[in-house]
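What follows is a single structure, written as structure tokens, with notes after it.
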Amino acid sequence: MYNRADYVSDFDWEAFQKFSQGLETPNIVMNLHQVKHNYIKLKDSFPYAQIYYAVKANPGEKIVKMLADLGSNFDIASRYELDEVLSLGISPDRLSYGNTIKKASDIAYFYEKGVRMFATDSKEDLKNIAEFAPKSRVYVRMLIESTSTADWPLSRKFGCHPDMAYDLIVQARDMGLTPYGVSFHVGSQQRDIGIWNDAIAKSLYLFSSLEEEEGIRLSMINMGGGFPAHYISPANELETYASEITRYLREDFGEDMPQIILEPGRSLVGDCGILTSEVILISRKNNTALQRWVYVDAGKFNGLVETMGESIKYPVISSKDAPDAKEGEVILAGPTCDSADIMYEDFKYRLPVNLKAGDKLYWLSTGAYTSTYASVAFNGFPPLKTYYME
């Protein structure tokens, strides 16, 4: 149904086929060379920005270590990610606690380990930071509505209105913290670059009003992530995002641009993974049904949760693909005893009509938010195994 070469080069595909031969399914193979390429490309596209890799996208030790060696900093979501990153010898001054939902005890734990940069978006959380991480740098996350143009929106749960952000920054100063800046996230897999323009304009409002009215000079804008991987729904290339976003920053801030932080996850590792699944069963629900149900050994509960609501549409190819192969519509479902474990039913994937049990389906661009989303043992199925191809 989809042209594999649009997502994986012939060279990388041949290397993957050789590397993955004999591996038990389901599994994910990560291409470390591609991760490195993506990091360098992002750094070159935003030479003025500091990169804080969102560890939650894929916390594989080899990925984190390689990015650290390339100079990346890291956005940490929990004490467990913190322990993993610190165990690799990465200095805590390269880390940010970017989760706005955190226990007071976790704030204290991060502070004890040497982290001094914290995100917030609420009064109670700010009070905890002031008490358990005194004199730390804080940045306040603004609420950005992006539900219609991001494949995986991140609004509503995170962030606060700019007027509340203003108050929190003033309170941070009064509590003895260092008001460092503001942050926003335009939504994961954001296809509308103009959303950044609105968010940067809101940031400028806060920078200007706080300096004029409160004498607080902020230093940083954390623009989060949002840059896309290559799925079925088209998006612009990174160069276009970088050009437009840089223009927005220059238009609003001129030569007095603050420190810019990016927190990429999906855009760094999404395209670098291939999930291999095996067809378990093919059936029809009645004798005249036009669509086949194709059940595979990977589903929503072991790696493919971002198919929820059919939000992320991965390119899927099969071991039976051929230029002249006859295809038919299918419904793709996972292996568990849960009726919600259906990946695609409304969006019509087409697979070869001669597909049978034992054949392979390859889910391309599955390097982000797959292995880490997998359940521990729902229905007894173990988490996805991840392998790393140098």
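Keep in mind that what you see is a predicted model, and the values were worked out from it rather than measured. Count residues from 1 along the sequence.
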- Query: Does Ile280 sit in a hydrophobic cluster with other residues, and if so which ones, taking ILVMFWY side chains as linked at heavy-atom separations under 4.5 Å, directly or through other members?
  - Reply: Leu281, Trp293, Tyr295, Ile331, Ile342
- Message: Is it true that, when you exclude Glu213 itself, more than 12 heavy atoms of the residues, nucleotides or ligands shown sit nearer than 6.0 Å to its CD?
- Response: yes
- Start with the C-alpha gap between Ser318 and Asp321, add the side-chain angles, then the distance that decides, and say whether side-chain hydrogen bond (donor to acceptor under 3.5 Å, both in side chains) holds. CA-CA 5 Å; Ser318 81; Asp321 281 10; 2.7 Å; yes
- Task: Give a yes or no on whether Lys360 atom NZ has more than 12 heavy-atom contacts from other residues, nucleotides or ligands under 6.0 Å away.
- Result: no
- Item | Nearest atoms (heavy-atom pairs only) where Leu168 meets Leu126 | O-CD2, 3.3 Å
- Item | Flag, side chain of Ser45 to backbone of Lys41, donor-acceptor distance under 3.5 Å | yes
- Message: I'd like to know if Asp93 and Arg116 make a salt bridge, using a cut-off of under 4.0 Å between side-chain N and carboxylate O.
- Response: no
- Task: Could you tell me whether the side chains of Asp121 and Thr100 share a donor-acceptor contact shorter than 3.5 Å?
- Result: yes
- Query: Picking from Asn302, Thr25, Thr276, what satisfies side chain to side chain donor-acceptor pair (under 3.5 Å) with Asp297?
  - Reply: Thr25
- Item | Note: Glu329-Lys348 ion pair, threshold 4.0 Å (strictly below) | no
- Are the side chain of Ser311 and the backbone of Thr307 linked by a donor-acceptor contact shorter than 3.5 Å? no
- Task: Answer yes or no: is there an ion pair linking Lys356 with Asp359, defined by an N-O contact shorter than 4.0 Å?
- Result: yes
- Message: Once rounded to the nearest 0.5 Å, what's the spacing between atom CG of Leu262 and atom CD of Gln50?
- Response: 9.5 Å
- Message: Strictly distance-based, threshold 3.5 Å: is any side-chain N or O of Lys320 a donor or acceptor partner for the main-chain N or O of Asn354?
- Response: yes
- Query: Parallel, tilted or perpendicular: which fits the ring planes of Trp363 and Tyr344, with parallel below 30° and perpendicular above 60°?
  - Reply: parallel
- Item | Cluster overlap Ile51 with Leu88, hydrophobic side-chain contacts below 4.5 Å | yes
- Item | ring pair (Phe, Tyr, Trp, His ring centres under 6.0 Å) partner of Tyr97, chosen from Tyr111, Phe110, Phe132, Tyr109 | Phe110
- Answer with yes or no whether the hydrophobic clustering places Ile200 together with Ile261; edges join I, L, V, M, F, W, Y residues whose side-chain heavy atoms lie under 4.5 Å apart. no
- Note on the structure: Grouping ILVMFWY residues whenever side-chain heavy atoms fall under 4.5 Å, the cluster of Phe301 otherwise contains Phe378
- Item | From CG (Asn379) to OG1 (Thr336), nearest 0.5 Å | 5.0 Å
- Going by atom types only, do Tyr231 and Asp271 share a side-chain donor-acceptor pair under 3.5 Å? no
- Using modelled atom types only, decide if a donor and an acceptor are shared between the side chain of Gln190 and the backbone of Val186 within a distance under 3.5 Å. yes
- Message: For the backbone of Ser72 and the side chain of Arg94, can you confirm whether one donor and one acceptor N or O come within less than 3.5 Å of each other?
- Response: yes
- Query: Can you check whether Arg173 reaches Pro179 side chain to side chain, under 4.5 Å on heavy atoms?
  - Reply: yes
- Query: What pair of heavy atoms forms the shortest contact from Ala298 to Pro26, and how long is it?
  - Reply: CB-CB, 3.9 Å
- Message: The test is side-chain hydrogen bond (donor to acceptor under 3.5 Å, both in side chains); show your working for Tyr369 and Ser188 and say whether it passes.
- Response: CA-CA 11 Å; Tyr369 302 108; Ser188 195; 5.4 Å; no
- Message: Has Thr372 got a side-chain atom pairing as donor or acceptor with Lys56's backbone, closer than 3.5 angstrom?
- Response: yes
- Applying the side chain to side chain donor-acceptor pair (under 3.5 Å) test to Glu306, which of Gln189, Lys300, Arg266 qualifies? Arg266
- Task: State plainly whether one hydrophobic cluster holds both Tyr241 and Phe253, where clusters connect Ile, Leu, Val, Met, Phe, Trp and Tyr through side-chain heavy atoms under 4.5 angstrom apart.
- Result: yes
- Task: Over all heavy atoms of both residues, which pair between Pro264 and Leu42 is shortest? Give the atoms and the distance, please.
- Result: CG-CD2, 3.4 Å
- Verdict with reasoning, Leu364 to Arg4, per side-chain contact (heavy atoms from CB on, under 4.5 Å): CA-CA 8 Å; Leu364 310 181; Arg4 184 268 309 156; 4.2 Å; yes
- Query: Considering the options Tyr52, Tyr180, Tyr139, which one meets the side chain to side chain donor-acceptor pair (under 3.5 Å) requirement together with Ser96?
  - Reply: Tyr139
- Item | Evaluation steps, side-chain hydrogen bond (donor to acceptor under 3.5 Å, both in side chains), between Tyr248 and Asp198 | CA-CA 9 Å; Tyr248 300 150; Asp198 296 337; over 6 Å; no
- Query: Which class fits the ring pair Tyr349 and Phe347: parallel under 30°, tilted 30 to 60°, perpendicular over 60°?
  - Reply: perpendicular
- Message: Looking at Asn286, I'd like to know if its CG atom is crowded, meaning that more than 12 non-hydrogen atoms belonging to other residues, nucleotides or ligands lie closer than 6.0 Å.
- Response: yes
- Item | Atom pair OG1 (Thr366) and CG (Leu304), whose distance is rounded to the nearest 0.5 Å | 7.5 Å
- d(Ile28 CD1, Tyr387 OH) to nearest 0.5 Å is 11.5 Å
- Minimum heavy-atom distance between Asn38 and Ser267, given as atom pair plus value: ND2-O, 3.7 Å
- Message: Let's go through Glu345 and Gln291 carefully: what are the C-alpha distance in whole Å and the side-chain angles of both, what is the deciding distance for side-chain contact (heavy atoms from CB on, under 4.5 Å) to 0.1 Å, and is it a yes or a no?
- Response: CA-CA 10 Å; Glu345 184 172 9; Gln291 294 176 343; 5.8 Å; no
- Where do Lys65 and Leu67 land on the side-chain contact (heavy atoms from CB on, under 4.5 Å) test, with the steps shown first? CA-CA 6 Å; Lys65 186 67 170 66; Leu67 291 176; over 6 Å; no
- Between the main-chain N or O of Glu239 and the side-chain N or O of Ser243, is there a donor-acceptor pair closer than 3.5 Å? no
- Transitively linked via ILVMFWY side-chain contacts under 4.5 Å: Met257 with Ile216? yes
- Item | Check against ring pair (Phe, Tyr, Trp, His ring centres under 6.0 Å), Trp196 and Phe184 | CA-CA 9 Å; Trp196 274 272; Phe184 57 80; 7.8 Å; no
- Item | Inter-residue atom distance Tyr205.OH - Ser203.OG, 0.5 Å rounding | 12.0 Å
- Lys18, NZ: over 12 other non-hydrogen atoms inside 6.0 angstrom: no
- Query: Taking all non-hydrogen atoms of both residues, which atom of Tyr362 and which atom of Gln17 are closest, and how far apart?
  - Reply: OH-OE1, 3.8 Å
- Distance under 6.0 Å and angle within 45° of ring axis: Arg137 vs Phe118: no
- Could you check Leu355 against Val279 for side-chain contact (heavy atoms from CB on, under 4.5 Å), going step by step and ending with a plain yes or no? CA-CA 8 Å; Leu355 196 70; Val279 176; 4.1 Å; yes
- Task: Count the heavy atoms belonging to other residues, nucleotides or ligands that lie under 6.0 Å from CZ of Phe11, then report whether that count exceeds 12.
- Result: no
- For the hydrophobic clusters of this structure (ILVMFWY residues joined by side-chain heavy atoms under 4.5 Å, transitively), does one cluster hold both Leu86 and Met117? no
- Kindly check if the number of other-residue, nucleotide or ligand heavy atoms within 6.0 Å of NZ (Lys36) is above 12? no
- Taking all non-hydrogen atoms of both residues into account, name the closest pair between Asp75 and Gly98 and its distance. OD1-CA, 3.2 Å
- Between the CD1 atom in Ile193 and the CZ atom in Arg247, the distance rounded to the nearest 0.5 Å is 9.5 Å
